[in-house]
Amino acid sequence: MEAASEGLTLVWFREDLRVHDHAALTAARADGHVIAVWVRESRDDDGLGPRPLGGACRWWVHESLSVLEEELSHLGIPLLFAAGESATIIPELAGRLDVDAVRWSRRYAPASRSLDGRIKTELRNRGLTVHSHPGALLVEPWTAAPQGGDHYKVFTPFWKAVSGGDVGDVLPVPVEQPRLSTGLIDSAQACAAVTDLDGLGLLDGTGTGSGVFAAADGPRWWQDTISRHWTPGLRGAAAALEDLHAGIDGYSTAHDIPADGASTSRLSPRLRHGELSPRQLLRAAQTAEGITVDDRTSWIRQLYWREFSWHLAYHHPDIDAWPIRPEFNDFPYDDDEGALRSWQSGQTGYPLVDAGMTQLWETGWMHNRVRMVTASFLTKNLLHHWRHGEQWFWDTLVDADEANNPVSWQWVAGSGADAAPFFRVFNPERQRKRFDPDDAYIDEWLSETTDAETSPIVDLADSRHAALDAYDQMKSTEAST
DNA sequence: TGCCGCTTCAA
DNA sequence: TGAAGCGGC
């Protein structure tokens, strides 16, 4: 092991809000001392950078950052906050702090990778050492490809090819460092973009699409409600990890049941914000005792669905805006504004859909099976473009990420590479009977009065036929061009 | 990781 | 009359 020198490294935290299993932080500590920064990034003129956070994620990140600041402080590492364009802020901070190196965990969305590449070049031109480290994924997207193809388009071959590989060991929390001089922090704060956590404005407003509710409930109400259901940051993540065994046990049969219980592990926001690493979860799942092969395998499979989504997102720029199958550009969507509002506010008259949309609004999270049902309802029964649903989920889910969210919507809408055939239209009444036969989930989220007062906004059989007609119309457009 | 309508066949 | 099996969408 290398002896620690007096080097100073700036570690740029992004979607990796943890101090364990953090390759960039570990490497930086091995080189000497560390100062950390998190930037609320706005996209530059070229549209580079991460997709602006939705409302629910802004709340989560605000809370999680305040915990991360504490955790880093226990290690003697100051965490700086800044808002603006990272292409300007990171080099300026590196200069003012006079660091020797800059390190970060890789991100994989094309617009973010381009920005990171640009920043890396700029820093190297100034003579700094720069390293990006893996950590957000088990499989680097450029390392897996089928024979004669550039990337996998179907999950099962991807899963067979990449699962079972060695992912290495979980890294421990680095050892504490001596306090850095206050003069150093002062020089960073001379940078105009540097602020404190509240100064980032993450809690201002409720997000782009949530005006639907804002008028009735006021802008703070939403965050206050969501916050009753989650504890972002270290303690919450550790508790979620302790529940992992219960989450895996019985998973292969129970994961389709939306009613509250131990049927799902609710780890998605932890992964989204990097409070837990996929490697750590994989290791924990592999070593959990008293678990059947079926349960273990189907749980780990879900981890790899996330990998597959990022694999697709890496290879498809603008996956949140354009269909992977281009013929869906000609799909005759209806896009009725009132229908969208009814869906968003859980007033479609179909209890499973309305319960799901209510759970989303109240908690920032929705059970996966219900996500599929509500998404099918919007894109097929209401004939809305999947992008509108994707944007609503982006704004309201605490686990919305740039890959899973658009890829899953495209999967349901039929425009994805490995998508469900379009004619698979979920029937929300039938799904309700199959997966919530005792109304446990419905009763959890819908009051009897709302349930009874709302009459269905569309007929299931008629709207299903209309969707199949629209699909035929798209195909005939395709055939004639 | 469907749904529907049709057919068959046993009560 | 309805469960069960299928093929088409």
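Letters go in sequence order (proteins before strands), and every chain restarts at 1.
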Which part of the nucleic acid, if any, lies within reach of A:Arg301 when heavy atoms closer than 4.0 Å are counted: base, sugar-phosphate only, or nothing? nothing

For A:His151, what residues pass the side chain to side chain donor-acceptor pair (under 3.5 Å) criterion, not counting sequence neighbours? A:His316

Please name all residues satisfying side chain to side chain donor-acceptor pair (under 3.5 Å) with A:Glu41, sequence neighbours left out, ordered by chain then number. A:Ser86, A:Arg107

According to side chain to side chain donor-acceptor pair (under 3.5 Å), who are the partners of A:Tyr108, at least two apart in sequence or on a separate chain? A:Glu140

According to side-chain hydrogen bond (donor to acceptor under 3.5 Å, both in side chains), does anything in residues 288-297 of chain A pair up with another residue at least two apart or in another chain? List the pairs. A:Ser252-A:Asp295, A:Thr292-A:Asp295

DNA chain B: 5'-most and 3'-most nucleotides touching chain A, 4.0 angstrom heavy-atom criterion: B:dT1 to B:dC4

Contact list (N/O, under 3.5 angstrom) for nucleotides 4-8 of chain C vs protein:
none

For this output row, return yes or no: ring centroids of A:Tyr314 and A:Trp142 closer than 6.0 angstrom. yes

By side chain to side chain donor-acceptor pair (under 3.5 Å), A:Trp365 pairs with (sequence neighbours left out) A:Ser268

Mind checking what makes side chain to side chain contact (heavy atoms under 4.5 Å, CB included) contact with A:Trp409, not counting sequence neighbours? A:Trp343, A:Ala375, A:Leu378, A:Thr379, A:Trp386, A:Glu390, A:Phe393, A:Asn405

Pairs of donor and acceptor atoms involving the side chains of residues 466-479 of chain A, under 3.5 Å and at least two apart or interchain, shall be tabulated with distances.
from     : atom 1 : to       : atom 2 : distance (Å)
A:Ser476 : OG     : A:Asp472 : O      : 3.3
A:Ser476 : OG     : A:Gln473 : O      : 2.9
A:Thr477 : OG1    : A:Gln473 : O      : 2.8

Using a 4.0 Å heavy-atom cut-off across all strands, classify A:Arg430 as base, sugar-phosphate, or nothing. sugar-phosphate

